[in-house]
Amino acid sequence: MKINKKVNGEKTTIALEGRLDTGTSPELEVVLNAITPTSKDLTLDFAKLEYVSSAGLRVLLTAQKNMNAHNGKMAIVNANDVVREVFDVTGFASFIKIN
Amino acid sequence: MTVKEVFQFIGISLIPIAVTILLYYGFEHIEKRGKKDINKLPKFLRTEKGRYWFRQIFTGLILGGFSIGLYFIGVEVKDYITGSSDLKIGISTFFPVLAGFIFGWPSAVTTTVIATIFRMCTPSFLRWPTVIACILGGGFSAAASHWFLDDKRSHWFNAFLGGLFVEALNLLFLFLFNLSSISDAFKTIRQFDIVCLLCNACCAAITCLIIQIQKKEKVIVNIKKDKTIGTRVQAWLLVICFLSLGLSTTSAYIVSFSDAHDNSVSMLNHNTYDIHNDFLLMRSQTSPTKCTERHIVSESGYCLVLTADDKDTTLEGTTESGTEKFTFHGKNKIVGIPKNVTEKYNRQMHDSFKFDDGKTIDQMPLSYATDDFKTSTFNFFYENVWGESCLIAYTKERLPSSLGSDANFYCLTIIPSDEIYISAGISFRVDLYVLILVFIILFALIDILISKSILKNIQIMDTSLEKIMEGDLNEEIKLVGTYKEFHTLSDNMNLTVGALKNYAAEVEHRMEAELKVARDIQVGLLPTYFPVEKEYNLYALMNTAKEVGGDFYDYIKMNNGRILILNADVSGKGVPAAMFMVRAKTLFKSLSSTLTDLGEIVSKANDELCQENDSGMFVTAWLGIFNPETGELDYINAGHTVPLIKREGKFQVFPNKHRIALAALPGTKYEVESTYLEPGDELLLYTDGVTEANNEKGKMFGIDKLINTANKSNYFNAKQLLTEISDKIAKFTNGVEQFDDITMLLLRYTGNKELNPENTLTLIAKPISTSVAVNYVESVLASRELNQKFIARISIVIDELFANVAYYAYPKGKEKDVTVTVDTRDDLLKIRLIDSGIPFDPTAKENPDVTATIDERKRGGLGIFIVKNTMDEVRYEYKNFQNILYLNKKINPEDKINKNE
């Protein structure tokens, strides 16, 4: 998985490419742990992400919690059907914003 | 008998009552003691027979003894035959009756023997008649006790009649034995006969009544409530007998007495007329006249002599004691003949004659004869003369004035009532006794006829018919007695029952034959050829109950190569169930030829069956469509028994959702469940006839026994297992009639192809290998022209499960193999994940709460939850020390790469 981070003022965009699964989640976790405690506006671009497994979901859950802690905004954009499906099925769509 | 004597007699009658009752309760006491502790009784009383005979002989002896004793304290009456006045009248002859009616025939016989022997030694004219009456009475009561009362204690009314009978017999013999001096016998007997009759009868009745009341038996029959023929007939018979007795005796009494009276009156009139003529003759002569002899001493005893003037008249006449002279004194006087003459032969009186009550003739209601004697009427009246009632006829004479006197005087003739009525009285008495005897015999005979033959036979018939009504056609009516009518009746009834039996057997036979044909047709509809294919084989078995039932099974090869199997049970039994079964079976056959979706087939069939189902029948069914290529199995359980599935070599309950039975609710949409059969899996369908087969104790075979039997069996084909189960059920029920069809169907899935080894990858179970496994599966799926979306979904599944194994299956540093196999043939994705790590069933993990908020979220369970959602089936098995995860998913057309795009 490739992680591309772009910072534009207060807004941070992280674009993921590949799979967010057991093997790759720890990488993302490291990246997000650095950003989420302080970032005011975080966008996760999933345009090139194939799927998310439960390991990935856990990382995203932690990130959202961190963002919520200081009222930071977090959103997922360009998610494909498979990712959406997983979010819907697991109920994550109710607390992680997917545009 | 005076009133005092009557009371004396009644007093004496109380003695036998007291004695009998004392004896009766004495023996009751012995019986009670015997029941309590038999060993306290003397040896000879310890058997029932011993007690019976002791009681009979003992009571016989005691009553016999009292019969003797009571002879000496009888009431004394005048004996007209011998002239003595100390004839003793008692009720000694009565004891045999009591003995028979209370205790039994041996007692009666004993008493009779004693009384008879004693009586033979007594003097008096009563001896022989009493002896004979004793023998006959005792014999009668013994016979009545044995045959009429069946050796039971008598009802008081029967005892009353018995007492009456024996005494009437006794009295009748008194007459018959004294024919030579019958008038004296009559005079003697009439003193006591009525009292004797009533006392004897009442004495017997009261004795029985006292015991009956004490025992709280039914004393008076309520004819309105008791509507039995016996009681009715007895009551009417009694009324008729008493009416007849009353009527005949009354009419005999009236006729004979009025005849005797008329004869006497006419005889007296004749005599008076003769005397009158003599008188006229006498008066026509001036000198004192001698009366004709006959008028004084007539044998017939009616005589009168009269004088008309105050001269003394001397008459001369002959009496038995010779010629006597009588002198008449005074004018207009009738001079009485001296008593010694009148007593025996003559009666005579004049106007100074005084009757017993002190009245003179003038004071009597006499009237003058007005005219000449020839035209004048004679008058008569009854009056007591010389101490007895007499009939007196008279005429009043007026002397012709030419005779110088206008004096009137009476001419009377007289006869004692006794002499008038004695023969009437005798015939009335004899009539009365005979009628009592006749009516009692008649009553007894009719009663015996009715109760012993007719009623008994009716009762026998009733009992037999009741048995026949209850269905025992083997019952034979056996009537008793020699009456031809009853024999004909019982023969005819037996013939009727026999014919009925034959007919019933014939009908049953025919019904059975017809039902068998129906059965054969029904069973013939069921497939008897069972396929044995490479991928699967199946066998079904149906043991039909005697009565036609509605079980059926079927398998249908559908057009798309799938197989529909079904096992069903129509509610109810008999022809309707069979016909409904045919309807259902045909329906499934036709629907499965056009439709492929099981849900649709079942829902349609349900709608069809709901139509025109007025009888409210329904069908429970288990239906499955399986793909022999893949083992995929869709199924619906419509209210049927839960099948067994054999997995990992063991039969177990195959849990499935219960839907409503077919034909119960129109419009029901039946949802399909599905599973995958692995090679080696087997499915056993059965009807409730299997689990509910019960033995003689009412215990049911049950599902546990079914599972055990199936698991213990070493069968090598489907037929063998089903036969073994069927035998086991038969052994269990042990001959108890089978009430329901027993139907079973076994599907054995052997599978045709092993998983392609080319699609198998074995890795060391380390987290680092996860992506390798995912990549491998992706590459396999990509080669099968499946689209990215489908592959991504499966990748998540592999990622989740492999990671799971990698992290948890083996202890760190001791990681071993994990094998992933992928098969996509026949549009079915099958993935197997096999490791030999510690047993762990990921499917057992509880589903996470997907509605929880972010803060409520807990770790864990998400991965397997996603897997379950993605795959059609996720099944875990631990087999041969291996964790095996079966993952199945149908590949739909939209999952493939669209080549047009």
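In the text below, chain A, chain B and the rest are named by the order of the sequence lines, each starting its count at 1. This one's a predicted model, so the numbers in the text were calculated from it and none came from an experiment. Atoms considered below: every heavy atom in the structure, side chains included; atoms not considered: hydrogens, waters and symmetry mates.
Salt bridge status for B:E632 with B:K890: present, with a side-chain N to carboxylate O gap under 4.0 Å. Under the 4.0 Å criterion applied to side-chain N and carboxylate O atoms, B:K896 and B:E785 are not assigned as salt-bridge partners. For B:E678 and B:R875, the salt-bridge test passes: some basic side-chain N is under 4.0 Å from an acidic carboxylate O.
For the options A:G56, A:S54, A:S94, A:A55, heavy-atom pairs under 4.5 Å to chain B are most numerous at A:S54. Options B:V774, B:T770, B:T851, B:I796 differ in how many heavy-atom pairs under 4.5 Å they form with chain A, and the most are formed by B:I796. The choice from B:L862, B:T870, B:D799 that makes the most heavy-atom pairs within less than 4.5 Å of chain A is B:D799.
Only the backbone of B:A852 comes within contact range of chain A, judged by heavy atoms closer than 4.5 Å. No part of A:V83 comes within reach of chain B, as not one of its non-hydrogen atoms sits under 4.5 angstrom from that chain. For A:N80, no part lies under 4.5 angstrom from a heavy atom of chain B. Heavy atoms of A:L57 lying under 4.5 Å from chain B belong exclusively to its side chain. Proximity to chain A (any heavy atom under 4.5 Å) is restricted, for B:Y807, to the side chain, taken from C-beta onward.
The number of heavy-atom neighbours closer than 6.0 Å to CD of B:E846, taken from other residues, nucleotides and ligands shown, is 12 or below. Counted within 6.0 Å of CD on B:Q882, heavy atoms from surrounding residues, nucleotides or ligands total more than 12; the atom is thus considered enclosed.
A:N68 and A:Q64 share a donor-acceptor pair across their side chains, judged by distance under 3.5 Å alone.
Heavy-atom neighbours of chain B within the stretch residues 24-38 of chain A, taken at a separation under 4.5 angstrom, are nonexistent.
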Quiz prompt | Residue pair B:E873, B:T675: steps toward the side chain to side chain donor-acceptor pair (under 3.5 Å) verdict | solution = CA-CA 7 Å; B:E873 186 180 40; B:T675 188; 2.4 Å; yes
Quiz prompt | Audit row: B:D872, B:N888, side chain to side chain donor-acceptor pair (under 3.5 Å) steps and yes/no | solution = CA-CA 6 Å; B:D872 293 346; B:N888 297 312; over 6 Å; no
Quiz prompt | Residue pair B:E877, B:Y886: steps toward the side chain to side chain donor-acceptor pair (under 3.5 Å) verdict | solution = CA-CA 8 Å; B:E877 256 181 43; B:Y886 297 90; 3.1 Å; yes
Donor-acceptor pairs are to be reported for all side-chain atoms of residues 85-92 of chain A against protein atoms at under 3.5 Å, with residues two or more places apart or in another chain.
| from | atom 1 | to | atom 2 | distance (Å) |
| --- | --- | --- | --- | --- |
| A:E85 | OE1 | B:R793 | NE | 2.6 |
| A:E85 | OE2 | B:R793 | NE | 3.3 |
| A:E85 | OE2 | B:R793 | NH2 | 2.6 |
| A:T90 | OG1 | A:V86 | O | 2.7 |
| A:T90 | OG1 | A:F87 | O | 3.4 |

